[in-house]
Amino acid sequence: MKLSQRITHLTGGGSDGWEVFYRSRQMIADGEKVIELTIGEHDIRTDPVILDAMDKAAMGGHTGYAMVPGILSLRQAVAARIQKRTGVPTTYKNILITPGGQSALFAAHLAACNQGDKALYLDPYYATYPGTLRGVGATPVAIQTRAEDAFQPRAEDIAAVAPGATSLLINTPNNPTGIVYSRETLEGIAQVCRDHDLLLISDEVYDTQVWDGEHISPRALPDMAERTLVVGSMSKSHAMTGSRVGWICGPEDAITHLINLATHTTYGVAGFIQDAAEFALAQGSPLEDKVAEPFRRRRALARDILAAQNTVGLVPAQGAMYLMLDIRATGLSGEEFANRLLDAHKIAVMPGESFGQAAAGHVRVAMTIDDDSFAKALKTLCELAATLTKQSQLA
Ligand code: PLP
């Protein structure tokens, strides 16, 4: 079939560091027992109280077409949550309910960028970012952050490529680094956006997973609400990855156009899923804390394990469900190390190179298995790194 360039060129082609992930999946399909620390999927399922609400809504008949912008009460609940967390006046008119954060990222960029526009994003990045930007017809431009800055972006690096660009995509708490952007970082970013008239797309899907410091939404910074589209999701905060429900928060006129886009693309989100999301939000922070707790615990375990050795470095794990580990002492790339770990110990982690260039020589570990297995796998990883480091010193 003769397909459009837009779709055939979506992923960019070539090696993208995901080979080790596909290899581990193949090993599992072949019946091998692999400890998977790869993707951002909770090891708990959606809480039964949310499922009860979903069941009641579906059995109660909320199975027809739902309102395309989202049901009013959910839009109001999301707006209230955002206003409470950020202090920025927000109403339902600032909210579009979307089928998850990913479609919100796509829609936000479609709203921001014309064909060929320069769309900026930061490296290391969540794996779908470049494809999302290409998918809307924009030209993705990656800006490298640096390991020596613990991957906090430098405003001057963004400013250097900002002239002529249309948008900037950021993500805090960050996947894959686990970094939470500081106020200073965000103020610098906001200044670049104001100086260069950039539209900021702020991916905040991990906003409930903060272990150190605080989550600051850049929409709350001076004069930023008018140029920021915030992407949110119930996937990570409420372990509702499969429900596909998220949102875009932005200026009213942008949301009006985005509702038009939704009419011509998704046609909204299932009503019983929205009812369940509304119920989940109404439970407030106790439910969010319950979902975040296993990661908080494992992050503490990881800090103890990593403090007891000196080969593997831990990028300050301030938020989200991942650890970014510096394995450069081994002399191997992240990809080589991940392959060795998979072959020798059947433990699958993501090479830093799967997320761009900036996290080369690192691996990302998802904290998504039970505490004991997680601690054991992490110790094994550190032991392998120590052995490989010794070998490389002798060579
Ligand atoms: N943004 C980031 C940084 C992510 O890590 C993910 C999922 O892993 C998403 C967006 C998309 O999440 P969802 O589409 O499930 O809301």
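Counting convention: from 1, in listed order, for ligands and their atoms alike.
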- Query: Between F295 and H42, is the ring centre distance below 6.0 Å?
  - Reply: yes
- Query: Are F279 and H238 an aromatic pair by the rule of ring centers under 6.0 Å?
  - Reply: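 Ring-ring flag for F279/H238: false, centres at least 6.0 Å apart.
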- Message: I need the nearest protein heavy-atom contact for atom 7 (C) of ligand 1: residue, atom name and distance, please.
- Response: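 Protein heavy atom at minimum distance: Y126 OH, 3.2 Å.
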- Closest protein heavy atom (residue, atom, distance) for atom 1 (N) of ligand 1: D203 OD2, 2.6 Å
- Item | Verdict with reasoning, T177 to N174, per side chain to side chain donor-acceptor pair (under 3.5 Å) | CA-CA 6 Å; T177 62; N174 187 268; 2.8 Å; yes
Which atoms from ligand 1 have a heavy atom of [X] less than 4.0 Å away?
X	result
S235	13 (P), 15 (O), 16 (O)
N171	3 (C)
G100	14 (O), 16 (O)
K236	7 (C), 8 (O)
S233	13 (P), 16 (O)
R244	13 (P), 14 (O), 15 (O)

- Heavy-atom closest contact (I170 atom, Y129 atom, distance):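 Between these two residues, the closest heavy atoms are O-OH, 4.3 Å.
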- Nearest heavy-atom pair of T389 and S392: which atoms, and what distance? O-OG, 2.9 Å
- Item | ligand 1 contact on M234 by region, counting heavy-atom pairs under 4.0 Å |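 Neither part.
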- Query: Does M224 share a hydrophobic cluster with I201, counting links as ILVMFWY side-chain heavy atoms below 4.5 Å and allowing steps through other members?
  - Reply: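 Different clusters: M224 never reaches I201 through Ile, Leu, Val, Met, Phe, Trp or Tyr contacts under 4.5 Å.
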Quick one: does [X] get an N or O within less than 3.5 Å of an N or O on ligand 1?
X	result
Y206	yes
T241	no
Q102	yes

- Residues passing the salt bridge (Lys or Arg N to Asp or Glu O under 4.0 Å) test with D197, sequence neighbours excluded, are R227
- Message: Quick one about Q191 and D195 (side-chain donor to acceptor, distance below 3.5 Å, no hydrogens or angles considered), yes or no?
- Response: yes
- Side-chain donor-acceptor pair present, S217, E204, cut-off under 3.5 Å: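 Yes, a side-chain donor-acceptor pair sits under 3.5 Å.
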- Message: In this structure, does ligand 1 have an atom that sits under 4.0 Å from one of the heavy atoms of V205?
- Response: yes
